[in-house]
S.K.: 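Pasting in a structure now, in structure tokens, and then I'll have a few things to ask.
One is the number of the first residue; the rest follow in order along the sequence.
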Amino acid sequence: MSEKEEERKTTTRKKTEKKAEKRRTIEELFWELDTVTSELEAEELPLEEAFLKYRKGMELLKECNAAVDMVEKELRILEEA
């Protein structure tokens, strides 16, 4: 393997590791989503604050779905190997 290829692989691996550090676990995402849902159900919030919490919940839901999709893809790859 050439030096440039090795360098490119190292750079790619470091970027992937950085993304993984920033990424929250599925459990963390679901816990945060559950917290937002509970706050919306339990509190009488001003409309604007309720809307902001709702929006945050929808963003968390998208992240949860993406995280679950990624795990499913990884499992399929492992099953094929």
S.K.: If I take atom CG from residue Leu47 and atom CG from residue Leu52, how far apart are they, to the nearest 0.5 angstrom?
M.R.: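 It comes to 9.5 Å.
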S.K.: Using side chain to side chain donor-acceptor pair (under 3.5 Å) as the criterion, list what pairs up with Lys62, not counting sequence neighbours.
M.R.: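 With sequence neighbours excluded, Lys62 shows a side chain to side chain donor-acceptor pair (under 3.5 Å) to no residue whatsoever.
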S.K.: Once rounded to the nearest 0.5 Å, what's the spacing between atom CG of Leu78 and atom CD of Glu74?
M.R.: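 So the gap between those two atoms works out to 7.5 Å.
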S.K.: To the nearest 0.5 Å, how far apart are SG in Cys64 and CD in Glu59?
M.R.: 12.0 Å
S.K.: Please examine the side chains of Leu75 and Glu72, heavy atoms only from C-beta on, and report whether any two atoms are closer than 4.5 Å.
M.R.: no
S.K.: Return the set of residues passing salt bridge (charged side-chain N to carboxylate O under 4.0 Å, His left out) with Glu39 (not counting sequence neighbours), or none when no residue passes.
M.R.: Lys53
S.K.: Using the rule that Ile, Leu, Val, Met, Phe, Trp and Tyr join whenever any side-chain heavy atoms are under 4.5 Å apart, tell me whether Leu45 and Leu60 fall into a single cluster.
M.R.: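 Same cluster.
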S.K.: Decide side-chain contact (heavy atoms from CB on, under 4.5 Å) for Arg24 and Glu32; before the verdict, give the C-alpha distance in whole Å, the side-chain angles of both, and the deciding distance to 0.1 Å.
M.R.: CA-CA 10 Å; Arg24 293 176 282 188; Glu32 193 172 346; 2.5 Å; yes
S.K.: Using only atom types and a distance under 3.5 Å, with no angle test, would you say the side chain of Glu49 pairs donor to acceptor with the backbone of Pro46?
M.R.: no
S.K.: Just how far is it from atom CZ of Arg55 to atom CE of Met58, taken to the nearest 0.5 Å?
M.R.: 12.0 Å
S.K.: Same cluster for Leu33 and Leu40 if Ile/Leu/Val/Met/Phe/Trp/Tyr side chains link at under 4.5 Å?
M.R.: yes
S.K.: Can Val36 be reached from Leu61 by stepping across I, L, V, M, F, W or Y side chains whose heavy atoms are under 4.5 Å apart?
M.R.: yes
S.K.: To the nearest 0.5 Å, what is the distance between CG (Asn65) and CD1 (Ile26)?
M.R.: 10.5 Å
